[in-house]
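The structure appears below as structure tokens.
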Amino acid sequence: MKKRFFIPACVLSITGIVFIIYAMGHPELSFPWSTQITSILYGLYADAAVMLFLLAFMKKISIMNILTIIFEMGAIFFLVQSILHVYPDGHANWYLPMALGLNSIAIFLNSFQTWKKSKENKAETRISEKQE
């Protein structure tokens with residue numbers, strides 16, 4: 001476990017829980033912007049906390065792993081937004097295409113990582129065969 005990621009993740013989680021408890025006790029308070037912007041900010045906050053927890057427990061951290069996680073979390077976020085914001089007939093919902101696009105990028109990155117590792121393994125196998 002990496003403390004440099006775990007401690008901020010715990011602080012974000014505790015702060016979020018305290019904020020929710022305070023907000024439930026004071027329903028008269030609100031933000032000056034729309035609820036859609038508020039839900040997007042809540043989602044980004046939750047994504048940051050989850051990302052820090054994942055980084056705290058990952059054994060090997062690479063930029064490709066972090067990018068894949070970010071795109072997958074973005075896909076989940078926009079999928080949830082598409083479920084929560086159902087519009088009447090005739091109105092476009094751009095959340096679902098965004099979720100599908102981010103998921104496609106994450107799948108591509110994951111496939112690229114797998115291809116790269118298999119290529120490295122083949123190269124190592126060839127080197128070991130030549131040495132024998």
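It should be emphasised that the depicted structure is a prediction, and the values quoted were computed from it without experimental measurement.
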>> side-chain contact (heavy atoms from CB on, under 4.5 Å) for Q113 and N65? Distances and angles first, verdict last.
In response: CA-CA 9 Å; Q113 286 176 331; N65 288 342; 2.9 Å; yes
>> So S13 and F53, do their side chains get closer than 4.5 Å, heavy atoms only?
In response: yes
>> Hydrophobic cluster membership, with links at side-chain heavy-atom distances under 4.5 Å among I/L/V/M/F/W/Y: are W115 and I63 in one?
In response: yes
>> I need the S62 OG to K116 NZ distance, nearest 0.5 Å.
In response: 8.0 Å
> For Y42, what are the other residues in its hydrophobic cluster, where any two members join if their side-chain heavy atoms are less than 4.5 angstrom apart?
Replying inline: F19, F31, W33, I37, L41
> Could you state the interatomic distance from CG (D47) to CG (L54), rounded to the nearest 0.5 Å?
Replying inline: 10.0 Å
> How about L29: does its CG atom have over 12 heavy atoms from other parts shown lying under 6.0 Å from it?
Replying inline: yes
>> Using side-chain contact (heavy atoms from CB on, under 4.5 Å), reason through I66 and M51 one step at a time and then give a plain yes or no.
In response: CA-CA 9 Å; I66 292 172; M51 177 75 172; 3.2 Å; yes
>> One pair to check against side-chain contact (heavy atoms from CB on, under 4.5 Å): K119 and K117. What are the steps and the verdict?
In response: CA-CA 5 Å; K119 190 175 177 183; K117 285 180 185 177; over 6 Å; no
> Do you know the tightest heavy-atom contact between A75 and L102?
Replying inline: N-CD1, 3.8 Å
>> Under 4.5 Å between side-chain heavy atoms, counting indirect links through other Ile/Leu/Val/Met/Phe/Trp/Tyr residues: same cluster for F112 and L67 or not?
In response: yes
> When clusters are formed from ILVMFWY side-chain contacts under 4.5 Å, directly or step by step, what else is grouped with V18?
Replying inline: I14
> So do L109 and F71 actually touch side chain to side chain, heavy atoms under 4.5 Å?
Replying inline: yes
Show me, pair by pair, the donor-acceptor contacts under 3.5 angstrom made by side chains of residues 1-8, not counting sequence neighbours?
residue: K2; atom: NZ; partner: M58; partner atom: O; Å: 2.4

> Quick one: CD on E72 to OG1 on T68, what's the gap to the nearest 0.5 Å?
Replying inline: 8.0 Å
> M98 and L44: same hydrophobic cluster, using ILVMFWY side-chain contacts below 4.5 Å?
Replying inline: yes
> Within the side chain of Y45, is there an N or O that forms a donor-acceptor pair under 3.5 Å with the backbone of L12?
Replying inline: yes
> CD1 of I107 to CG of L100: how many Å apart, nearest 0.5 Å?
Replying inline: 9.5 Å
